[in-house]
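Proteins come first, then strands; the chains are lettered A, B, ... in the order of their sequence lines, and each starts at number 1. A quick note: this is a predicted structure, and the numbers were derived from the prediction, not measured.
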2 protein chains.
Amino acid sequence: MELHQLRYFCAVADTGSFSRAAEQSHVAQPSLSQQILKLEDELGARLFDRLGRSVRLTDLGKTLLPRARTVLRELEEAKGEVIERKDSAGGSVTVGVIPTVAPYFLPPVLASFTKKFPQARLTVVEEITPILLERLRAGTIDVAILALPIRGHEFEAWPFLTEPLFAAIPKRHALAKRRVLALRDLRKEPFLVLRDGHCFRDTLVAACDRARLKPKIIFESGQFSSLLSLVGADMGVSIVPEMAVKENTSCRYIRIGDEEATRTIGAVVLRGRSLSRAHRGFLALVRQEESGRRPTAAA
Amino acid sequence: MELHQLRYFCAVADTGSFSRAAEQSHVAQPSLSQQILKLEDELGARLFDRLGRSVRLTDLGKTLLPRARTVLRELEEAKGEVIERKDSAGGSVTVGVIPTVAPYFLPPVLASFTKKFPQARLTVVEEITPILLERLRAGTIDVAILALPIRGHEFEAWPFLTEPLFAAIPKRHALAKRRVLALRDLRKEPFLVLRDGHCFRDTLVAACDRARLKPKIIFESGQFSSLLSLVGADMGVSIVPEMAVKENTSCRYIRIGDEEATRTIGAVVLRGRSLSRAHRGFLALVRQEESGRRPTAAA
DNA sequence: TACGATGAATAGGTACAGCCTATGGAACTT
DNA sequence: AAGTTCCATAGGCTGTACCTATTCATCGTA
């Protein structure tokens, strides 16, 4: 039972003749005859009565015909749907973002994406890096926006923004007038940092290690805004990425001058995953969007 | 887009692995891989994401999967239905019968057929011979019961009953005491015969021709019962086949002794037509039924 | 009745498609 | 680093769907 047999069968039913069916199907008449014979063999019954001049469906042929047509039609529909979807800008895009990026990064990207891909359904998930990577592996998110670098070559990463770090210092602090600081300048200060699990905490710790600094941590939180309001209340100092600057105006933000005191944000996908037009559109967008924004952010 | 490609595709989707799918499909893994690649090629898009270890459906694959399953399922159903129907005793049987046979022949045959093939739908059509032959050609009836012989070798005929002819004569007629008559004995009598178009009229005319008899026709009707009641009213004589004997008890029925003064009833089908079990069952039944009845009829 | 025309089945040969085994390359495990 | 476990590729083989040529049967016509 093969598809071309069904096609030939329908053609004979339509034309009432093996010869005309063969012509219509662009095969020689004996080839078509053979295939019909083969189909009848497999079913164990004649599908056509070969009367001298004409050919007519048997009762069995009459039962098969609508079903054969259905099968062929649905096959075409399936193929058509796949091909149509392939080229469409629709579909769903699920993006995962780390918490220390989400509030600053998302609004403009979401706006321009939904504007550019109105047919696509965009979902955003906020999780810490290891969860995002796991979900990339599991396929429950399509793209992750997080701090690079990451380990594991099953991922493909596209860095698009490297931002400097800033010290957040109480307005009246002795160092508050400086234009730039070294991390070691803060070695005596009490630190307010993100909770363990947030990758920016690791970024900070790594930077401190390089500066041979062992920060005295007196407070931990899950978000910058909490840290900064406590800094504003003179509880200590904090380190934040540029994105979080101006979050709280009762702090002074001073650029950290150390080498490598930066954070790099990138888009990550699972290597080998095929990406829809909407997926690729989203990736193109974040890269362009953030590149375009960099001068502003650097100002 | 071939059926085995869809089968392979579903197998991979089910097992999550090309190797296991190949094993399950009883082909080598490279063969299956090739077919999947070919399918993806034709659709112009990947259906699976080949991640290092596992294989996962893409969005496009997810849209194709249910449709592929539908196609395969419906194909199986179609095949199953045809094969089931082929062996079933159901289906419809449409039988055509000439008017001069119908009322005598049908009742017992219908009864035993519906008893033996309760699932079959039997339809009976009463028409004169040329109409029946035309309908056999057109396929609107499956079997015709009529008087043989017929012309045209596009038909296949099975005679199953040859019955003698009887003269129907008024009770008080001079010939009413005879045990047997020759047609020529009736040469002076007024004849009551069937209307033109009824094949039994032709049978009668042919018999008269052979007897060098030119009957004086004073009445024509479409059914024997009308003729016989007028014979009973002393209007003249008539010739009827054995089947119609005893239709009217106010006549005497006397066997016609002439050579070939008989009528042969047979079943006719279109040569080359495939016959279902119900069709064959009906044919077997009429032959057996009437053979079994012959002694009775001859008594 | 014989004849050519039409249409399906059969015969014989060919080419390609799908299958195989062997191998390569990548990812994961030990 | 070696061994496993995947899928993809390479190269060769076979079956089968296709072709042309022919036969067979029926039908219309000279």
Side-chain angles (χ1 to χ4, degrees), chain A residues 1-9 11-42 46-58 61 133-134 136-137 151-156 270-274, chain B residues 1-9 11-42 46-58 61 133-134 136-137 151-156 270-274:
Chain A
M1 197 108 163
E2 293 301 324
L3 287 177
H4 62 268
Q5 292 172 347
L6 292 188
R7 281 190 251 275
Y8 295 167
F9 167 71
V12 175
D14 287 339
T15 62
S17 148
F18 281 57
S19 310
R20 281 193 295 279
E23 192 178 353
Q24 179 183 301
S25 306
H26 306 292
V27 291
Q29 168 264 314
S31 308
L32 185 139
S33 280
Q34 280 178 352
Q35 292 306 310
I36 296 288
L37 264 295
K38 197 166 182 182
L39 181 58
E40 289 177 326
D41 247 34
E42 179 179 352
R46 297 247 119 171
L47 296 170
F48 295 103
D49 281 330
R50 283 79 160 169
L51 312 168
R53 180 66 60 176
S54 67
V55 164
R56 195 185 300 147
L57 280 171
T58 62
L133 297 181
E134 187 44 52
L136 277 178
R137 276 191 213 96
R151 292 195 305 175
H153 43 296
E154 72 256 49
F155 300 111
E156 199 158 1
L270 193 59
R271 187 183 301 277
R273 264 213 47 168
S274 76
Chain B
M1 197 108 164
E2 292 301 325
L3 288 177
H4 61 267
Q5 293 172 347
L6 292 186
R7 290 199 190 92
Y8 295 167
F9 167 69
V12 174
D14 287 341
T15 61
S17 148
F18 281 57
S19 310
R20 280 193 295 280
E23 190 178 353
Q24 180 183 298
S25 306
H26 306 292
V27 292
Q29 169 263 314
S31 308
L32 184 139
S33 280
Q34 281 179 352
Q35 292 306 310
I36 296 289
L37 287 184
K38 199 164 180 182
L39 182 57
E40 290 177 326
D41 248 31
E42 181 178 352
R46 298 247 119 171
L47 297 170
F48 295 102
D49 281 330
R50 282 80 160 168
L51 312 169
R53 179 64 59 175
S54 67
V55 163
R56 193 185 300 144
L57 280 171
T58 62
L133 296 181
E134 188 44 51
L136 277 178
R137 275 190 214 98
R151 292 194 305 173
H153 44 295
E154 72 258 49
F155 299 112
E156 199 158 0
L270 193 58
R271 186 181 301 276
R273 264 214 47 169
S274 76

Would a 4.5 Å heavy-atom cut-off, applied to side chains only, mark [X] and [Y] as touching?
X     : Y     : value
B:I36 : B:L32 : yes
B:S17 : B:V12 : no
B:F9  : B:D14 : no

| query | Is the distance from OP1 or OP2 of C:dG7 to the nearest side-chain N or O of A:R50 less than 4.0 Å? | reply |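 For C:dG7, OP1/OP2 do not have a side-chain N/O of A:R50 under 4.0 Å.
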
| By side chain to side chain donor-acceptor pair (under 3.5 Å) - contacts of A:E156 (at least two apart) |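 Checked A:E156 against side chain to side chain donor-acceptor pair (under 3.5 Å); zero matches.
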
| message | Could you work out, with side chain to side chain donor-acceptor pair (under 3.5 Å) as the rule, every residue matching B:E134, not counting sequence neighbours? | response |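 By the side chain to side chain donor-acceptor pair (under 3.5 Å) rule, B:E134 matches B:R137.
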
Can you measure [X] atom [atom1] to [N] atom [atom2] for me and round it to whole angstrom units?
X      : N      : atom1 : atom2 : result
B:I36  : D:dT9  : CD1   : C1'   : 16 Å
A:L37  : C:dT10 : CG    : P     : 6 Å
A:F155 : C:dA26 : CZ    : C1'   : 17 Å
A:R137 : C:dA27 : CZ    : P     : 14 Å
A:D41  : C:dA9  : CG    : C1'   : 13 Å
A:R151 : C:dA27 : CZ    : C1'   : 17 Å

| So which of residues 12-25 of chain A are in contact with DNA chain D, with a heavy-atom cut-off of under 4.0 Å? |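 Heavy-atom cutoff 4.0 Å gives no residues at all.
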
| Is the count of non-hydrogen atoms from other residues, nucleotides or ligands lying under 6.0 Å from B:E2 atom CD greater than 12? |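 Yes, because the 6.0 Å sphere around CD of B:E2 holds more than 12 heavy atoms from other groups.
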
| said: Under the rule for salt bridge (charged side-chain N to carboxylate O under 4.0 Å, His left out), what residues qualify as partners of A:E42, not counting sequence neighbours? | reply: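 By the salt bridge (charged side-chain N to carboxylate O under 4.0 Å, His left out) rule, A:E42 matches B:K79.
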
| field | Contact pattern, 5' to 3', of nucleotides 14-26 of chain D - B, S or - by protein heavy atom under 4.0 Å | value | --SSBBBB----S

| Pairs satisfying side chain to side chain donor-acceptor pair (under 3.5 Å), at least one member in residues 26-40 of chain A, at least two apart |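 Every pair satisfying side chain to side chain donor-acceptor pair (under 3.5 Å) with a residue in residues 26-40 of chain A: A:H4-A:Q35, A:Q5-A:Q35, A:Q29-A:S33, A:E40-A:R50.
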
